[in-house]
Protein chains: 2
Amino acid sequence: MKICREQIIETALSLLDRDGLEGVTLRKVAADLHVHTGALYWHVRNKQDLIDEMANTLLSEQFSQHEEPASGQDWEDWLREVCQRLRQAMLAHREGARVVAGAGFARAIMLKRLVEAIIHNLLVAGFPSRLAFITCSTILSYVYGFVIEEQAAPGDDEANRCEGSGGSILSTAWNEHQANNYTADMDFLAGLELILEGVKQHR
Amino acid sequence: MKICREQIIETALSLLDRDGLEGVTLRKVAADLHVHTGALYWHVRNKQDLIDEMANTLLSEQFSQHEEPASGQDWEDWLREVCQRLRQAMLAHREGARVVAGAGFARAIMLKRLVEAIIHNLLVAGFPSRLAFITCSTILSYVYGFVIEEQAAPGDDEANRCEGSGGSILSTAWNEHQANNYTADMDFLAGLELILEGVKQHR
DNA sequence: ACCTGAACACCGTTCAAGT
DNA sequence: ACCTGAACACCGTTCAAGT
């Protein structure tokens, strides 16, 4: 019964999609690998370490080691595309955003690389360093917050109850939102445009 | 040994500040109240229910039931102030943002009320309904994401190690950031201005 | 080097039974 | 109505001992 680090992470991600983050258990991961629980500790320092690697693997499915704008692509198109891929990476797994949040900026190496790439490319595009920093920070916070909220959505039942009860601003606004066939993708992109517009204005 | 719902929530928030979210345990809450664990289940449906109420209480410390702009205050000043108070509410308790994230938009009633107030006041200010919706969504995602990252910061050790290792763009940019005495408050506000600028442009 | 077996100190949740 | 007492089915982590 030989086991390696990658198998553990892969199994954990399968478990994540099946049972959610709460259901990712070292004992269940071990069982899926036909191994006793203690065996995992040879390849993984602890559960936090596993979650960090889950976050990195999850992000690696959308990002390579070194992200660069395609030739002829300006900073705006590139940044927009990176944000959409970041969202896709987190959406690809159940509670993916919470996994990344659980790892955190510091421990998710892929995220740090992404930050580096963004700031680098904004500097190359001629941004003053302060603006490059703030743009990167703002846009990442936005994507992050948006997807966390998006994936926490299973409170629909209660939201629907609120819609049913007549007259609140939220309900009418939300009904209108539904009626116009706005999707989460459109909302995400619209918010992104808002921020990008602000960035361009501050140059 | 009479116990009420509010005592449980208050005790849980104390535990949160002392031991972190991981350390908030029904068994420890019960112990602090000199009660057996099972007793809590008379006042609280389950742990999730408790976390929801923690989020609401946490937000109630900064927000009243109905938020209105002060007379003569335009939408921009009001919205900026609301965002700063939302951040303060989450910063006031250890891992406060994670608690709110754990509750989620749907179950944190105070958050829903806030959404309602923001959309309402933007509509009153003459926003088209789509822009009001997107502005609210974008700004809340930003605040949310920013504070979650801000509070997950204890990865400084590893960040510092990265700074030490010379030459990466992140390290030089971050050193410059430190050298100019930029604080998290300033970064937060700068990002907020970026978004507000974009909103104004889209009118 | 890598896994087993077994223990330790915890969890959330339920529910009869008491008062 | 509200709490006790005790159980049930779990957790993460450690570590001697095996191979």
Side-chain angles (χ1 to χ4, degrees), chain A residues 1-57 94-95 98-99 101-104 107-108 152 154-155, chain B residues 1-57 94-95 98-99 101-104 107-108 152 154-155:
Chain A
M1 285 305 156
K2 270 285 174 61
I3 291 283
C4 73
R5 210 163 199 269
E6 281 71 31
Q7 288 179 57
I8 296 178
I9 298 165
E10 215 59 43
T11 306
L13 282 174
S14 301
L15 217 47
L16 175 68
D17 290 330
R18 178 147 37 90
D19 300 345
L21 185 52
E22 198 79 355
V24 176
T25 274
L26 291 185
R27 295 176 114 98
K28 284 203 277 186
V29 170
D32 281 14
L33 291 168
H34 307 292
V35 160
H36 285 231
T37 313
L40 298 181
Y41 283 82
W42 187 263
H43 304 90
V44 144
R45 202 165 17 176
N46 49 34
K47 192 179 183 181
Q48 181 64 59
D49 187 28
L50 175 57
I51 290 179
D52 295 351
E53 290 306 324
M54 288 171 71
N56 281 325
T57 303
R94 184 170 163 187
E95 293 184 88
R98 241 180 257 257
V99 172
R107 285 186 296 266
Chain B
M1 284 304 154
K2 269 285 172 63
I3 292 283
C4 73
R5 207 161 200 270
E6 281 72 30
Q7 286 178 60
I8 296 178
I9 298 166
E10 214 60 42
T11 306
L13 282 173
S14 300
L15 217 45
L16 175 69
D17 291 330
R18 178 145 38 89
D19 300 344
L21 185 52
E22 198 80 353
V24 175
T25 274
L26 292 183
R27 294 176 115 99
K28 285 203 278 185
V29 170
D32 280 14
L33 290 167
H34 307 293
V35 160
H36 285 230
T37 313
L40 298 182
Y41 283 81
W42 187 261
H43 304 91
V44 146
R45 202 164 17 176
N46 48 33
K47 194 181 181 180
Q48 182 64 60
D49 187 28
L50 174 58
I51 290 179
D52 296 351
E53 290 306 325
M54 287 170 72
N56 281 325
T57 303
R94 185 170 163 187
E95 292 183 89
R98 240 180 257 256
V99 172
R107 285 187 296 267

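Throughout, a chain's letter reflects where its sequence line sits, starting with A, and its residues are numbered from 1.
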Task: For DNA chain D, the residues among residues 42-50 of chain A that have a non-hydrogen atom under 4.0 Å from it - done: A:Asn46, A:Lys47
Task: Point-to-point distance, once rounded to the nearest 0.5 Å, from CZ of A:Arg94 to CG of A:Leu16 - done: 7.5 Å
- [ ] Return the set of residues passing side-chain contact (heavy atoms from CB on, under 4.5 Å) with B:Gln7 (not counting sequence neighbours), or none when no residue passes.
- [x] B:Ile3, B:Cys4, B:Leu33
Within the sub-3.5 Å range, which N or O atoms of nucleotides 4-9 of chain C have a protein N or O partner, and how far apart are they?
from  : atom 1 : to      : atom 2 : distance (Å)
C:dT4 : OP2    : A:His36 : N      : 2.9
C:dG5 : OP2    : A:His36 : NE2    : 3.1

Open item on the list: What does the 5'-to-3' dot-bracket notation of DNA chain C look like when only Watson-Crick and G-U wobble pairs under 3.5 Å count, and pairs to other strands show as |?
Closed with: ||.|||||...|||||.||
Task: Pairs where residues 9-24 of chain A contributes a residue and the test side chain to side chain donor-acceptor pair (under 3.5 Å) is met, not counting sequence neighbours - done: A:Asp17-A:His93, A:Arg18-A:Asp32, A:Asp19-A:Lys28
- [ ] Kindly write out the residues that satisfy salt bridge (Lys or Arg N to Asp or Glu O under 4.0 Å) with A:Arg5, not counting sequence neighbours, or none if the list is empty.
- [x] A:Asp49, A:Glu53
Task: Atom-to-atom span, CD of A:Glu22 to P of D:dG12 - whole angstrom - done: 10 Å
TODO: Kindly write out the residues that satisfy side-chain hydrogen bond (donor to acceptor under 3.5 Å, both in side chains) with B:Gln48, not counting sequence neighbours, or none if the list is empty.
DONE: B:Asp52
TODO: Measure across B:Ala152 and B:Arg98 and return the closest heavy-atom pair with its distance rounded to 0.1 Å.
DONE: CB-NH2, 3.5 Å
Open item on the list: Applying side chain to side chain donor-acceptor pair (under 3.5 Å) as the test, list every pair that has at least one member in residues 33-43 of chain B; sequence neighbours left out.
Closed with: none
- [ ] For D:dA9 and C:dA9, measure between their P atoms and round to the nearest Å.
- [x] 22 Å
- [ ] Indicate the atoms forming the closest heavy-atom contact of B:Thr57 with B:Leu13, along with that distance.
- [x] CG2-CD1, 3.7 Å
Open item on the list: Let's see if you get this right: which residues in residues 2-21 of chain B place a heavy atom under 4.0 Å from DNA chain D?
Closed with: B:Lys2, B:Ile3
- [ ] Please report the shortest heavy-atom distance between B:Arg107 and B:Asn56, naming the atom on each side.
- [x] O-ND2, 4.0 Å
